[in-house]
Amino acid sequence: MATEIDFLRDQNQRLNEVLRRYQMEDFSKYSLVQEAVFKGDGDDTLKNTVVDRSFLAPLIIEYDKHLEELNGQLKYYKKQMGEMKLQFENVIKENERSELSRQKLHTQELLSQLEMANEKVVENEKLILEHQEKANRLQRRLSQAEQRAASASQQLSVITVQRRKAASMMNLENI
């Protein structure tokens, strides 16, 4: 709102300057003296202005020229804004595609890592089963060896007892 007011004040000042210029050029045509009254806010108006159609025509022409210039600028800026809007939309679309591509690549990397982890899990499970089977076989062999050792120990005890009896009997016979 403030920029619009500033714009209108600027326009008013320019138009008053153009009007003053035309009035000063043809000052001799008029009997009334013009007196400029300045207000504190920068607006100036002319007091006791004699209105002549010869002043209004150039002023209107100047105003129309200025309006045409402003309309041309407005069209140019609208065109520029339209182009910028298209460029902006293209950049947004490209960023979205880029982001989607980045996310897709990241997802593929994660899937690849997940597949490798699953393969390692399966491989580790197989190794665990193999080690459990090997441990079970070793446990069975250990149990069998312990049984044979116990059996051998019993047999050894029996043989030892028999030898002692035989040795004692031989000692008794030799006596």
Side-chain angles (χ1 to χ4, degrees), residues 1-140:
M1 183 74 173
T3 57
E4 292 174 7
I5 292 172
D6 292 340
F7 173 76
L8 291 174
R9 281 188 182 145
D10 183 51
Q11 290 298 99
N12 187 26
Q13 244 178 348
R14 287 184 190 180
L15 291 173
N16 282 331
E17 288 172 13
V18 171
L19 177 61
R20 228 183 334 280
R21 189 175 68 230
Y22 283 113
Q23 287 175 340
M24 295 307 268
E25 289 173 2
D26 295 327
F27 186 69
S28 60
K29 293 181 182 179
Y30 300 97
S31 60
L32 287 176
V33 176
Q34 298 176 5
E35 180 183 333
V37 176
F38 296 100
K39 296 181 180 175
D41 60 0
D43 291 336
D44 53 353
T45 59
L46 294 176
K47 193 175 180 183
N48 297 326
T49 304
V50 174
V51 178
D52 186 356
R53 289 191 179 172
S54 65
F55 282 141
L56 290 179
L59 184 60
I60 291 172
I61 291 170
E62 188 67 28
Y63 181 74
D64 286 342
K65 284 181 187 176
H66 188 68
L67 277 179
E68 286 179 29
E69 181 182 314
L70 289 176
N71 283 333
Q73 287 178 355
L74 182 62
K75 286 179 185 177
Y76 173 75
Y77 290 135
K78 282 184 179 180
K79 181 181 175 187
Q80 291 289 354
M81 286 299 291
E83 290 174 1
M84 289 177 71
K85 184 178 178 182
L86 287 175
Q87 289 175 350
F88 185 67
E89 289 172 356
N90 288 337
V91 167
I92 288 174
K93 287 178 184 176
E94 186 175 324
N95 283 346
E96 288 172 350
R97 282 192 301 265
S98 176
E99 179 65 18
L100 287 175
S101 295
R102 187 191 66 75
Q103 288 178 354
K104 183 178 180 181
L105 181 62
H106 183 66
T107 302
Q108 288 173 345
E109 289 174 0
L110 290 176
L111 285 174
S112 174
Q113 290 174 0
L114 183 62
E115 286 176 7
M116 288 176 21
N118 282 338
E119 288 173 4
K120 285 185 178 183
V121 166
V122 169
E123 186 178 315
N124 286 339
E125 287 176 348
K126 285 181 183 178
L127 287 174
I128 288 171
L129 286 175
E130 288 175 8
H131 286 297
Q132 284 177 343
E133 288 175 7
K134 189 174 183 180
N136 288 340
R137 282 194 308 268
L138 289 174
Q139 186 65 37
R140 280 193 305 266

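As a basis for the values below, the full set of heavy atoms in this structure was taken, side chains included, without hydrogen atoms, waters or symmetry mates.
Counting only heavy atoms from C-beta outward, the side chains of Tyr63 and Leu67 approach each other to under 4.5 Å. Inter-residue side-chain proximity for His66 and Gln11 is flagged as met; some heavy-atom pair is nearer than 4.5 Å.
Under the side chain to side chain donor-acceptor pair (under 3.5 Å) criterion, no residue pair touches residues 123-140, with sequence neighbours excluded. Sorted by first and then second residue, the pairs that involve residues 76-97 and meet side chain to side chain donor-acceptor pair (under 3.5 Å), not counting sequence neighbours, are Tyr76-Gln80.
Remark: Met116 CE to Lys120 NZ distance equals 5.5 Å, nearest 0.5 Å. Of the inter-residue distances, the one linking Leu8 atom CG with Thr3 atom OG1 reads 9.5 Å to the nearest 0.5 angstrom.
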Contacts table for residues 102-115: side-chain donor-acceptor under 3.5 angstrom, sequence neighbours left out:
{"residue": "Arg102", "atom": "NE", "partner": "Glu99", "partner atom": "OE1", "Å": "3.4"}
{"residue": "Arg102", "atom": "NH2", "partner": "Glu99", "partner atom": "OE2", "Å": "2.7"}
{"residue": "Gln103", "atom": "NE2", "partner": "Glu99", "partner atom": "OE2", "Å": "3.1"}
{"residue": "Thr107", "atom": "OG1", "partner": "Gln103", "partner atom": "O", "Å": "2.7"}

